[in-house]
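Have a look at the structure below before the remarks.
Note that ligands are numbered from 1 as they come in the structure, with each ligand's atoms numbered from 1 the same way.
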Amino acid sequence: MNNQKIGTKCVQAGYRPGNGEPRQIPIIQSTTFKYDTSEDMGKLFDLEASGYFYTRLQNPTNDHVAAKIAALEGGSAAMLTSSGQAANFFALFNICECGSHIVASSSIYGGTFNLIAVTMAKMGIEVTFVSPDADEEELNAAFKENTRAMFGETIANPALTVLDIEKFAKVAHAHGVPLIVDNTFPTPVNCRPIEWGADIVTHSTTKYMDGHGAAVGGAIVDAGKFDWMAHADKFPGLTQPDESYHGIIYAEKFGKEGAFITKCTSQLMRDFGCIQSPQNAFILNLGLESLHVRMPKHVENGLAVAKFLEGHKKVVKVNYPGLESDKYYELAKKYLPNGGCGVVSFELEGGRAAAESFMKKLKIAAIETHVADARTCCLNPATSTHRQLTDEQLEAAGIPAGLIRISCGLEDSADLIADIAQALE
Ligand SMILES: *Cc1c(COP(=O)(O)O)cnc(C)c1O
């Protein structure tokens with residue numbers, strides 16, 4: 001499977017039916033699993049045997065889909081979570097605890113920013129935000145004795161900055177901590193962060209992976225390369241006995257390839273239960289089967305719309321890493337040679353009022369708090385997700401009041417452009 005191309009993996013990886021078994025991944029709609037003896041079940045509780053006992057922790061449908069995502073990212077193991085938020089929380093909390101510190105790019109999804117800066121702070125986990133454009137020296141300066149992880153997004157939502165993954169990985173590794181990369185926007189079809197040194201990759205599968213706006217979900221993939229034992233003092237949860245599992249040492253028993261996901265499943269899923277429903281995992285898999293066909297179309301539409309907007313007199317600025325004029329064009333050429341995604345942001349002359357009246361006139365693009373599905377949608381942060389901020393605060397946050405984020409779907413680009421053109425008139 002490992003040598004196969006990405007498209008073949010999108011369609012086939014993760015599930016291989018036996019003779020006479022269902023061709024499609026079965027939805028195992030069962031909370032629990034039956035055993036002949038208590039000894040049999042006991043082995044599962046001791047992590048001596050692999051198998052299923054309760055869907056709060058693991059379910060076979062989810063595991064087939066997770067195995068596909070692991071294959072797509074080139075990782076050693078993966079798990080599905082109930083949402084992208086849960087994926088990022090678990091990925092961080094699996095190696096951080098009260099007293100730990102995280103270095104994170106400041107250019108990340110608002111939900112993740114809140115999670116780290118507000119909610120995890122209440123758990124006693126500190127963060128230092130760094131500019132994604134910071135040089136190595138500035139990045140190094142953000143690290144502390146208690147730093148346990150570095151975090152960034154390949155293409156940030158909604159800022160559309162591109163992460164220099166190699167630079168971030170180099171700095172993280174110099175400090176003996178893993179780099180966690182949220183790869184939601186490009187998906188493994190357009191970028192595989194593990195190939196550039198990332199250790200853990202996360203996803204909101206709600207976006208392009210599902211791709212139809214049908215199911216909220218998340219995923220965590222472990223590259224299986226980070227040597228926890230070499231930094232044993234930093235990661236006691238992986239390198240010292242887990243008393244809640246009869247003294248198992250994850251890094252010893254499951255090795256570099258299996259320790260992170262096994263611990264995350266057996267501790268965090270057990271205790272928090274943020275599992276994806278098997279129904280949603282099935283829907284997610286339908287999306288994955290066409291991911292390699294859909295992503296190039298999203299990119300084609302994104303680029304066509306970005307180019308049209310760039311040439312329009314009422315548009316002040318366009319952000320799209322695929323445009324030669326974009327600040328992140330060089331990084332995009334390196335990390336996203338086939339393009340990034342279908343999300344474009346642009347600023348209209350006339351600020352908030354102009355943005356509002358433009359969006360009202362759109363006939364194809366709908367106003368939604370969503371991105372990355374088959375139907376084109378748009379949002380003006382100043383009047384929706386960021387409406388509590390004043391124009392001055394918006395400017396400081398790099399989100400001008402007239403900024404519009406448009407997520408180009410799978411429609412014909414000529415129709416999208418015609419729709420935008422009439423709304424700009
Ligand atoms: C949407 C999103 C999330 C959160 O995912 P949910 O599935 O909505 O919980 C995290 N990261 C990025 C980059 C996102 O776009």
Ranked by distance from atom 15 (O) of ligand 1, the top protein heavy atom is K207 NZ, 2.6 Å
Partner of N88 under side chain to side chain donor-acceptor pair (under 3.5 Å), picked from T202, T81, T184, is T202
min-distance protein heavy atom vs atom 11 (N) of ligand 1 -> D182 OD2, 2.7 Å
Under 4.0 Å from one or more heavy atoms of S83, ligand 1 contributes atoms 7 (O), 9 (O)
Per-atom filter on ligand 1: closer than 4.0 angstrom to a heavy atom of N157 are 14 (C), 15 (O)
Atom 4 (C) of ligand 1 sits nearest the protein heavy atom Y109 CE2, 3.4 Å
* Any chance the side chains of R405 and N157 put a donor and an acceptor closer than 3.5 Å? -> yes
If we number the atoms of ligand 1 from 1 as shown, the ones under 4.0 Å from a heavy atom of E153 are 13 (C)
* Carefully, step by step, assess E310 and K307 under the rule salt bridge (Lys or Arg N to Asp or Glu O under 4.0 Å). => CA-CA 5 Å; E310 193 177 35; K307 281 185 171 158; over 6 Å; no
* Aromatic ring pairing Y15/H64, orientation class (parallel under 30°, perpendicular over 60°, tilted between) -> perpendicular
inquiry  = Ring-plane angle category for F235 and H231, please: parallel below 30°, perpendicular beyond 60°, tilted otherwise.
reply    = perpendicular
I'd like to know if A86 contacts ligand 1, where contact means a heavy-atom distance under 4.0 Å to any ligand atom.
no
Nearest heavy atom to atom 5 (O) of ligand 1, choosing from C274, S204, C341, belongs to S204
Near G217 (heavy-atom distance under 4.0 Å), the atoms of ligand 1 are 7 (O)
In this structure, atom 6 (P) of ligand 1 is nearest to the protein heavy atom G84 N, 3.4 Å
If you compare V371, T206, T154, I108 by their heavy atoms, the one closest to atom 7 (O) of ligand 1 turns out to be T206
Legend entry - Cationic tip of K207 above Y109 ring, under 6.0 Å, 45° of axis: yes
Side chains of M295 and E300, heavy atoms from C-beta outward: is any pair under 4.5 Å?
no
Under 4.0 Å from one or more heavy atoms of Q85, ligand 1 contributes atoms 4 (C), 5 (O), 6 (P), 9 (O)
